[in-house]
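Beneath this line is the structure, given in structure tokens, with notes to follow.
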Amino acid sequence: MRIEHIAMYVGDLEAARDFFVKYLGGTSNAGYHNKNTGFRSYFISFDDGARLELMNKPGVADADSSHKHAGYAHIAFSVGSEEKVDELTEVLRGAGYEVRSGPRTTGDGYYESCIAVIEGNVIEITV
């Protein structure tokens, strides 16, 4: 058993695609558009086989960005070393993204930073 992909709705589909390609090394497909429903999506593939589906559809409401609700909290990306966590965190901070925590070692031993990136959705960058 393995997770085939994770999907998330976004308001700005191209900006979300560009973020995951530019900063996290993903590769995007050409996209999909259902002209009947207005649904559009991109699959972003990563070197280890993981995939993220970015989706947009008219009428989908924005999520509460407080993250004080049950459900998915973040997506974590392993970059391989503490130095790379530090580097990518500073690159994203310099690009104007909000660093919510870290880089730091958490109580359960992860070296990580958490950054609000796409419309308030959080990614965790870890070793």
Side-chain angles (χ1 to χ4, degrees):
M1 186 73 63
R2 71 178 180 86
I3 294 174
E4 204 296 319
H5 70 273
I6 296 169
M8 65 187 286
Y9 275 105
V10 297
D12 188 336
L13 193 57
E14 282 70 27
R17 176 199 58 203
D18 293 347
F19 174 84
F20 287 102
V21 169
K22 178 177 182 179
Y23 294 111
L24 296 172
T27 303
S28 178
N29 71 350
Y32 169 74
H33 183 204
N34 181 320
K35 293 179 181 170
N36 293 328
T37 65
F39 176 85
R40 296 175 58 223
S41 71
Y42 289 107
F43 271 95
I44 309 299
S45 299
F46 299 92
D47 289 342
D48 69 349
R51 296 189 322 147
L52 174 63
E53 183 180 15
L54 302 172
M55 307 177 302
N56 178 278
K57 184 176 181 181
V60 173
D62 289 341
D64 172 8
S65 65
S66 71
H67 296 285
K68 294 180 182 178
H69 59 274
Y72 297 106
H74 63 264
I75 301 172
F77 289 85
S78 172
V79 294
S81 71
E82 290 183 7
E83 293 77 21
K84 288 182 180 178
V85 171
D86 294 345
E87 289 170 12
L88 184 53
T89 300
E90 289 312 309
V91 165
L92 293 172
R93 184 190 320 269
Y97 294 100
E98 175 192 355
V99 177
R100 293 216 174 146
S101 67
R104 67 190 179 107
T105 301
T106 62
D108 57 357
Y110 276 87
Y111 189 77
E112 67 177 33
S113 62
C114 291
I115 299 151
V117 293
I118 306 301
E119 299 155 13
N121 288 293
V122 174
I123 63 162
E124 178 182 294
I125 304 166
T126 189
V127 175

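Numbers for residues simply follow the sequence, beginning at 1. As the structure is a prediction and not an experimental result, all values here were calculated from the model.
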Practice task
Identify the heavy atoms of P58 and G38 that sit nearest to each other, and give their distance.
Solution key: CD-O, 3.5 Å
Problem - Sidechain-backbone polar pair: E119 side chain, A16 backbone, donor-acceptor under 3.5 Å - result: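 Not confirmed, E119 side chain does not pair with A16 backbone.
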Exercise for the section: Would you sort out whether I118 and I123 count as a side chain to side chain contact (heavy atoms under 4.5 Å, CB included), showing the intermediate values? Expected result: CA-CA 9 Å; I118 306 301; I123 63 162; over 6 Å; no
Practice task
List the steps, then state whether side chain to side chain contact (heavy atoms under 4.5 Å, CB included) holds for E14 with D12.
Solution key: CA-CA 6 Å; E14 282 70 27; D12 188 336; 4.1 Å; yes
To the nearest 0.5 angstrom, please state how far the [atom1] atom of [X] sits from the [atom2] atom of [Y].
X	Y	atom1	atom2	value
I75	N121	CD1	CG	7.5 Å
T105	D108	OG1	CG	10.0 Å
H74	C114	NE2	SG	6.0 Å
E112	S78	CD	OG	12.0 Å
I44	L52	CD1	CG	6.5 Å
R17	N29	CZ	CG	9.5 Å

Problem - Whether over 12 other heavy atoms sit under 6.0 Å from Y110 OH - result: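 No, the 6.0 Å shell around OH holds no more than 12 heavy atoms from other groups.
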Does any non-hydrogen side-chain atom of [Y] lie less than 4.5 Å from one of [X]?
X	Y	value
T27	D47	no
V85	S113	yes
R100	I115	no
L92	V99	no
Y111	P103	yes
L13	Y42	yes
V91	T89	no

Handout entry: Aromatic ring proximity, centroids under 6.0 angstrom, F19 and Y97
Key =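 They qualify: ring centres under 6.0 Å apart.
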Problem - ILVMFWY cluster, V60 and F39 together (side-chain gap under 4.5 Å) - result: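 Linked within one cluster.
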Practice task
Could you state whether M55 and F46 fall into the same hydrophobic cluster, counting links through intermediate Ile, Leu, Val, Met, Phe, Trp or Tyr residues with side-chain heavy atoms under 4.5 angstrom apart?
Solution key: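 In one cluster with M55: F46, no.
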Practice task
Please determine if E82 and R104 form a salt bridge, counting it only when a charged side-chain N lies under 4.0 Å from a carboxylate O.
Solution key: no
Practice task
State plainly whether the residues K84 and E87 are in salt-bridge range, i.e. N to O under 4.0 Å.
Solution key: no
Problem - Mutual orientation of the aromatic rings belonging to F77 and F20 [parallel < 30°, tilted 30-60°, perpendicular > 60°] - result: tilted
Practice task
Applying side chain to side chain contact (heavy atoms under 4.5 Å, CB included), run through V127 and V79 and close with a yes or a no.
Solution key: CA-CA 5 Å; V127 175; V79 294; over 6 Å; no
Can I get a per-line list of side-chain donor-acceptor pairs under 3.5 Å for residues 1-10, giving both atom names and the distance, sequence neighbours left out?
from: E4; atom 1: OE1; to: R51; atom 2: NH2; distance (Å): 2.9
from: E4; atom 1: OE2; to: R51; atom 2: NH2; distance (Å): 3.2
from: H5; atom 1: NE2; to: E53; atom 2: OE1; distance (Å): 3.2

